[in-house]
Amino acid sequence: MTNTKEASTLHKQAATDHQEAAKNHLKAAESHEKNKVSDAKESSKNAMGCCATAQKSTEKACHSSSM
């Protein structure tokens, strides 16, 4: 069983990673609204990277809680 402090830390990291992805998605949306396609593409690319990181963090955190 994973200790609760470690599990808490893992879940907080996952939440932080998801927030970073959300920021990039919002930035992409704002860029589209301003018809700044190049900026939107860059933000979308960043969002994809953040989403991949967030997914890994989520898997690790949830796995720690299920043990």
Please round to the nearest 0.5 Å and tell me the distance separating atom [atom1] of [X] and atom [atom2] of [Y].
X	Y	atom1	atom2	value
Lys41	His32	NZ	NE2	9.0 Å
Ser44	His25	OG	NE2	8.0 Å
Thr9	Gln13	OG1	CD	9.5 Å
Ser65	Glu6	OG	CD	10.0 Å
Cys51	His18	SG	NE2	8.0 Å
Ser38	Glu42	OG	CD	7.5 Å

Without swapping roles, check the side chain of Ser66 against the backbone of His63 for a donor-acceptor pair under 3.5 Å.
yes
Are side-chain N/O atoms of Ser64 and His11 paired as donor and acceptor at under 3.5 Å?
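Absent: no donor and acceptor within the cut-off.
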Side-chain donor-acceptor contact under 3.5 Å, Asp17 with Ser57
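Yes, Ser57 and Asp17 have a side-chain donor paired with an acceptor closer than 3.5 Å.
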Flag the pair Asp39 / Lys27 as yes when at least one side-chain heavy-atom distance between them is below 4.5 Å, and no otherwise.
no
Please report the C-alpha distance between Glu20 and Thr16 in whole Å, then the side-chain angles of each, then the deciding distance to 0.1 Å, and finally whether the side chain to side chain contact (heavy atoms under 4.5 Å, CB included) criterion is met.
CA-CA 6 Å; Glu20 189 62 29; Thr16 299; 5.9 Å; no
